[in-house]
There are 2 protein chains.
Amino acid sequence: MGLTKTEIFTEEQNLLASLFKAMAHPARIAILQRIILSNTCICGDLVGELGLAQATISQHLKELKSAGLIQGTIEGVSVCYCINPEVWKLLENRLGEFLGSYKSTTECC
Amino acid sequence: MGLTKTEIFTEEQNLLASLFKAMAHPARIAILQRIILSNTCICGDLVGELGLAQATISQHLKELKSAGLIQGTIEGVSVCYCINPEVWKLLENRLGEFLGSYKSTTECC
DNA sequence: GCTATTAATCGTAAAATTGCAATAATACTA
DNA sequence: TAGTATTATTGCAATTTTACGATTAATAGC
């Protein structure tokens, strides 16, 4: 079929999956790292640094934005993107909770 | 084109992206949660619990396995899957490092 | 108003993902 | 050895993702 059955999963599972999905591409990881590093990133910079076309980067930025991970405001002729603090904190919390729920102490297979 | 240009990104970026990708589906999140909870999970159980066909679940398990997140050993007639402690620890470290690299203190857009 | 610069959007193509029925493979059991 | 139970694999269709060229929208500077 090719479409995910979101309705059979919990809200928590869908949320985590969608956040992971937004970061499940090296270009988007690179963009996030770049934004974090400079703390004020303009799209045009990325086009020169990553080896991807302007349209492609704009698309990745859109995905990060729609996932809520970043936010952008118009700054003169260009756009300034930065991390969305609330969503980033939510991500840290949910992820820490999820990863931390596994205790490696008990012996298994 | 439709294929990711992995060669233009760093090893770190590709690793993080592939780990995120492995978890970027609610069914795989659900499977991981289920494995963590029972600490000894058999595929057949999941088929009853999640509303997905046996073939589909087997495929998701394969993806989690190839990403290194889980490992399975044959246990009589069925297979016992559990978390791979080393990879899980690696995931926690790299992810913590990545998420922690952002400090929300500085004002931005 | 006109032009240059920047970013978003559209259209398209190739490839990957998701899901399932059907089938194959594997290992117990009688 | 035949039969049963469990998991993996195969083949297929629908959808999504990735990427880019071309075009469009918006804004600053002249």
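Residue numbering restarts at 1 for every chain, and letters A, B, ... go by the order of the sequence lines. Nothing here was measured: the structure is a model prediction, and the numbers come from that model.
Considering only heavy atoms from C-beta on, B/Tyr81 stays 4.5 Å or farther from B/Leu64 through its side chain.
With sequence neighbours left out, the ring pair (Phe, Tyr, Trp, His ring centres under 6.0 Å) criterion links A/Phe98 to B/Trp88. When the side chain to side chain donor-acceptor pair (under 3.5 Å) test is applied to A/Ser66, no partner is found at least two apart in sequence or on another chain. Scored by the side chain to side chain donor-acceptor pair (under 3.5 Å) test, B/Ser38 finds B/Arg34 as partners (sequence neighbours excluded).
Of the N and O atoms on the side chains of A/Gln59 and A/Thr56, not one donor lies less than 3.5 Å from an acceptor on the other residue.
A heavy-atom distance below 4.0 Å to DNA chain D is reached by these residues of residues 58-69 of chain A, ordered by number: A/Gln59, A/His60, A/Glu63. Residues of residues 19-37 of chain A having a heavy atom closer than 4.0 Å to DNA chain D, listed by number: A/Lys21, A/His25, A/Arg28.
The distance from atom CD1 of A/Ile42 to atom P of C/dA8 is 12 Å, rounded to the nearest whole Å. Per the geometry, OH belonging to A/Tyr81 stands 15 Å off P belonging to C/dT6, to the nearest Å. As rounded to whole Å, 16 Å separates atom C1' of D/dT7 from atom CG of B/Leu50.
The shortest non-hydrogen separation linking A/Ser78 to A/Ile42 is CB-CG2, 3.7 Å. Closest approach of A/Ile57 to A/Cys43, counting heavy atoms only: CG2-SG, 4.0 Å. Shortest non-hydrogen contact noted between A/Ala27 and A/Leu50 is O-CD1, 4.3 Å. For the pair B/Asn14 and B/Thr6, the tightest heavy-atom approach, listed with the atom from each and the gap, is ND2-O, 3.0 Å.
Within the nucleic acid shown, A/Ile57 has no heavy atom closer than 4.0 Å to any nucleic acid atom. Residue contacts shown for A/Ala53 are limited to sugar-phosphate atoms, with no base heavy atom under 4.0 Å away.
Atom CG of B/Leu32 is separated from atom CG of B/Leu69 by 6.0 Å, given to the nearest 0.5 angstrom.
Salt bridge present: B/Glu12 and B/Arg94 bring a charged side-chain N and a carboxylate O closer than 4.0 Å.
For the pair A/Val47 and B/Ala55, both in contact range of DNA chain C, the more 5′-proximal nearest nucleotide belongs to A/Val47. Looking at which nucleotide of DNA chain D each of B/Ser78 and A/Leu52 is closest to, the 5′-most match is held by B/Ser78.
Listed nucleotides: D/dA8, C/dA21, D/dC20. Nearest to the side chain of B/Gln54: D/dA8.
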(request) Encode nucleotides 24-30 of chain C as B, S and - characters from 5' to 3', where the letter depends on protein heavy atoms closer than 4.0 Å: B to the base, S only to sugar-phosphate, - to neither. (result) ---SS--
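When the side-chain nitrogen and oxygen atoms of A/Thr56 are compared with OP1 and OP2 of D/dC20, one or more of them lie within a distance under 4.0 Å.
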